[in-house]
Novice: 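Okay, handing you the structure first.
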Amino acid sequence: MSDTANRETHSFQTEVGRLLDIVAGSLYSNREIFLRELVSNASDACDKLRHGALTTPSLVEGDQEFRIELALDAKAKTITISDNGIGMNRDDLMETLGTIAKSGTSAFLENLGKGDEKDDISLIGQFGVGFYSAFMVADSVDVVTRKAGEKEAWLWSSDGKGEFSIEPAARDERGTTVTLHIKKDAKEFLEEARLKHIIKTYSDHIGFPVKLGDETLNAASALWTRPPKEITEQQHTEFYHHTAHAFDEPWLVMHNRVEGLVSYINLLYVPSTPPFDLYEPERKNHVKLYVNRVFITEDTKGLLPSYLRFLRGVVDSEDLSLNISREMLQTDPKLAKIRTGLTKKVLGELKKKANKDAEAYAVFWKNFGAVLKEGLVEDDGLRDRILEVSRFSSTSGSDLTSLGAYVERMKDGQDAIYYITGTDAEKVATSPHLEGFRAKGVEVLLLSDPVDEFWLQHVPEFEGKPFKSITRGAADLDNIKSDDAADDKKDEDDTPTLGSLIAAIKLELGDAVKDVRPSKRLTESPVCLIADEGDMDVNLERLLQRHGQLQGGMPRILELNPGHAIVRKLAERASRDGACSDALLQDAAHLLLDQARIADGEAPTDPAEFGRRLSTVMENAL
Ligand code: ADP
Ligand code: MG
C-alpha cells in the first residue's frame, strides 16, 4: 500500500517531458519494442549485480539465480516485468527516471523527425532512453524497486504527463518490478501468444531466463556460447542491437572460440554505419569483456587497439581472473595475448572480405578506413597486415585500389608509389600537381584523410617501393616511359630557356620562395608550389598550422610550366634588355606566386596587393 503522506511529486526534466509527449502520442506501428527495452534493462540490472557480487558476495546471498519474469493480468489490464537484478534506491530513481538530464534525451529528440517515424522511435534504446518506450503502450507505469544490499523499497509512478511520484514501498527481495497499465488501444499486448512471440523475436539472446509462469521463453544462454551454426542472422542482429545500442545491421559477424594458452570466445560485429562517437578524442573501445559469462566492463582498455574501436560485441574468457581490479586487468599479460589474437583475427577477416567482395569492402572502407589507418602509425608489428587491407582512391579510376594492385600497374622506370595529400578529396583530385603524372599515365594515390599525413611519416615503403609525395621534391618523371613514346621526346624539344625569367622572379620574390625552377609536372597550369625535398610536405604543414602546432612555414619552390603561354611570353620579355626593372614582370612574379597559392586552396599572400596587381595587368592587356 502506498503511503500518501510520504509521496513526493516531481516534474520531469523538460526534455524528458517533451520526449514523453511524443512517445505517448505516437501512432507508431511497431510498439512491441517496449518489451525489448524493458527486458534489456532487466538483463542489464542482472549483469550489474552479478558483477557487483564479485567483490561483495553478500549482495546475492539467498538468491543466485538471476531471472526475468513476465506476468499478464487481462482483467487488470497490466503487464509486469520483474527482475532480481541490482534494483534502485531513491537517488538512483531520481537520477535515472526523470529529473536529471540524460545526454541521450535531446539527441533522441533531435533525431526524431529526421527520418520516417518507424525508424525514429525504434532508435529509442540507442539513445539511452529506452525505458520511456513503455508509455507507447501504457497509460501509466509503476516501478517498485529495491536495491541489492538495502532494506527500503520505492515506488515510482507516472502517467507520463509531465510528473512522476516517488514514495516508500514494500518489496520482499531485491530487484525491480515494472507494471504497465495497458492503454485501451494496446490490448493486443495482453495476449500470451503475442508476448511470447515478441520475446522470441527480440530477446532470445538474453543470457538470463525470461519466464512467463513456468515456461522459459528464450534460449537463456548467452548467445556467444552457442554453436555458431545455430545462431540465425536475426538473432545476431538483435544481439548486436542490444549489446551495441545500435540499430543498423552488422556488416560483418566474427564468432570464434579460441583454445590455447589463453582461451576465449569472441562474438564481434563490424557495424554497417559509423557509430557517432568514432572520432571522439577518447577513442574508446566498445567491446564488452566477460569473464566466464560474468560481465566485467564495457570499454576495457587493452582488450583491443583503438584503431579497431568501430567493433562491437563481446569477448568472454575463462582464463582471466575475476577478482582483479579493472586497472590490473589492463596490464594482465593474458589480456595482451587476447588482444593480439583478436587483432590478427579481425585483420584476417577483413582481408578475406576485401578479396571476396571489393564493392562491399568499399562500404566498410568508407566508414572505417580512416580509423583503421591509425594502426599504421600505432602498430608497427601489424603494419604490413594493415597495409594489405587498406584501400585508396587514385587517379586510375573511381574504384578504390590496394597497394598491391597499384604496384602491379606501375610504369616501366617508375620506382616510387606516388601520392598527393590534402583535406578535400575533390580538390586533391583536381590539383595541378597531377597534370604531368596524368599526361604520362602515371597513377597517383589521392589521400584526403587527416591521418594520411601521419602514417606516411611512419611507413617508408610498400614491397620495396618508397612512397613519394608529388608536392615535394623533384618530379622524376623523365625516367618513366609514358604509353606514347613520342610524348617523352616532345617534352625535351619544347623547353624554352627560362633563365632570365627565373632570375627576374627570384629577384622580385626574394625570401618568399625557396627557389624558382622549370616544372616537369605541369602540363596545363602555369605554376605550382612544391616543398623542397628535405622540407615538410605542404599539406602536413597546413594541417599542423591549423591545429596550432606550427607557426609560419617553410618557403616553397615555385615551379613554372615552360610550355604555358604566359610563361613563354614572360620568358621572352625577360630576355629583352633591361627587363629586371620591368613593372609588369614584377607584378607577374607576385601574381604567379599567388596563383599557385590559390590553386592549393590558400589565400594570396597579400590580398590587397594581389587585387591591385591583377587590375594593373588586366588594364594593360585591355
Ligand atoms: P539505458 O538502459 O540505455 O541506460 P533506459 O531508459 O532504458 O536507458 O534506462 C534508464 C536507466 O534506468 C538505466 O540505465 C538503469 O539505471 C535504470 N533502470 C531501468 N530499468 C531498470 C531495472 N529493471 N533495474 C535497475 N535499473 C533500471
Ligand atoms: Mg535500456
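All residue numbers refer to positions in the sequence shown, counting from 1. Start at 1 and go down the list; that is how both ligands and their atoms are numbered.
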Novice: Can you find a protein heavy atom under 4.0 Å from atom 13 (C) of ligand 1?
Specialist: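 It does not: no protein heavy atom is found less than 4.0 Å away from atom 13 (C) of ligand 1.
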Novice: Among all the protein's non-hydrogen atoms, which is closest to atom 11 (C) of ligand 1, and how far away is it?
Specialist: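 Protein heavy atom at minimum distance: Thr96 CB, 3.7 Å.
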Novice: If you count the non-hydrogen atoms of other residues, nucleotides and ligands that lie under 6.0 Å from NZ in Lys196, is the total more than 12?
Specialist: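 Result for NZ/Lys196: enclosed.
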Novice: Hey, does Gly87 come in under 3.5 Å of ligand 1, counting only N/O atoms on both sides?
Specialist: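 Min N/O separation from ligand 1 is not below 3.5 Å for Gly87.
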Novice: Need the ligand 1 atom indices (1-based, order shown) with element for anything under 4.0 Å from a heavy-atom of Val129.
Specialist: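 Going through ligand 1 atom by atom, the ones under 4.0 Å from Val129 are 6 (O), 8 (O).
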Novice: Enumerate the atoms of ligand 1 whose separation from the nearest heavy atom of Leu97 is less than 4.0 angstrom.
Specialist: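 Once the distances to Leu97 are compared, the set is 12 (O).
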Novice: Against ligand 1, does His245 come closer than 4.0 Å with any heavy atom?
Specialist: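 Judged by the 4.0 Å heavy-atom criterion, His245 does count as contacting ligand 1.
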Novice: Quick one: does Val389's side chain get under 4.5 Å of Tyr361's, heavy atoms only?
Specialist: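 Yes; the side chains approach each other to less than 4.5 Å.
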Novice: Which residue supplies the protein heavy atom nearest to atom 2 (O) of ligand 1, what is that atom called, and how far is it?
Specialist: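 Its nearest protein heavy-atom neighbour is Asn41 OD1, 2.9 Å.
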Novice: Can you pull out the closest protein heavy atom to atom 10 (C) of ligand 1? Residue, atom name and distance to 0.1 Å, please.
Specialist: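 Here the closest protein heavy atom is Lys102 NZ, 3.3 Å.
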Novice: Counting distance only, does the side-chain N/O of Asp204 pair as donor-acceptor with the main-chain N or O of Gln235 below 3.5 Å?
Specialist: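 The answer is no, because no donor-acceptor pair under 3.5 Å joins these two groups.
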Novice: Please check if atom CD in Glu173 has more than 12 non-hydrogen atoms from other residues, nucleotides or ligands closer than 6.0 Å.
Specialist: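 Atom CD in Glu173 is not packed in, count stays at 12 or less.
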Novice: Count the heavy atoms belonging to other residues, nucleotides or ligands that lie under 6.0 Å from CZ of Arg18, then report whether that count exceeds 12.
Specialist: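 Open.
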Novice: Going by atom types only, do Arg293 and Thr225 share a side-chain donor-acceptor pair under 3.5 Å?
Specialist: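 No.
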Novice: Using heavy-atom distances only, which candidate in Glu37, Met88, Lys147 approaches atom 21 (C) of ligand 1 most closely?
Specialist: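 Comparing heavy atoms across Glu37, Met88, Lys147, the nearest one to atom 21 (C) of ligand 1 lies in Met88.
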Novice: As a check for students: among Gly128, Gly130, Ala45, identify the option with a heavy atom nearest to atom 24 (N) of ligand 1.
Specialist: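 Shortest heavy-atom distance from atom 24 (N) of ligand 1: Ala45.
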Novice: Would you mind checking which non-hydrogen protein atom is closest to atom 23 (N) of ligand 1, with the distance to 0.1 Å?
Specialist: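 Of the protein heavy atoms, Asp83 OD2, 2.9 Å lies nearest.
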Novice: Please verify the inter-ring angle class for Phe368 with Phe310; under 30° counts as parallel, over 60° as perpendicular, anything in between as tilted.
Specialist: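 Aromatic pair Phe368/Phe310 classed parallel.
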Novice: Using ring centroids (six-membered ring only for Trp), state whether Trp156 and Phe131 fall under 6.0 Å.
Specialist: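 Yes.
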Novice: Specify the protein heavy atom at minimum distance from atom 15 (C) of ligand 1: its residue, its atom name, and the distance to 0.1 Å.
Specialist: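 Closest protein heavy atom to atom 15 (C) of ligand 1: Lys48 NZ, 4.1 Å.
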Novice: Assess Asn41: does it contribute an N, O or S atom lying under 2.8 Å from the Mg ion (ligand 2)?
Specialist: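 Yes, Asn41 qualifies, because one of its backbone or side-chain N, O or S atoms lies under 2.8 Å.
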Novice: Between Tyr269 and Phe239, how do the two ring planes meet: parallel, tilted or perpendicular, split at 30° and 60°?
Specialist: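 Aromatic pair Tyr269/Phe239 classed tilted.
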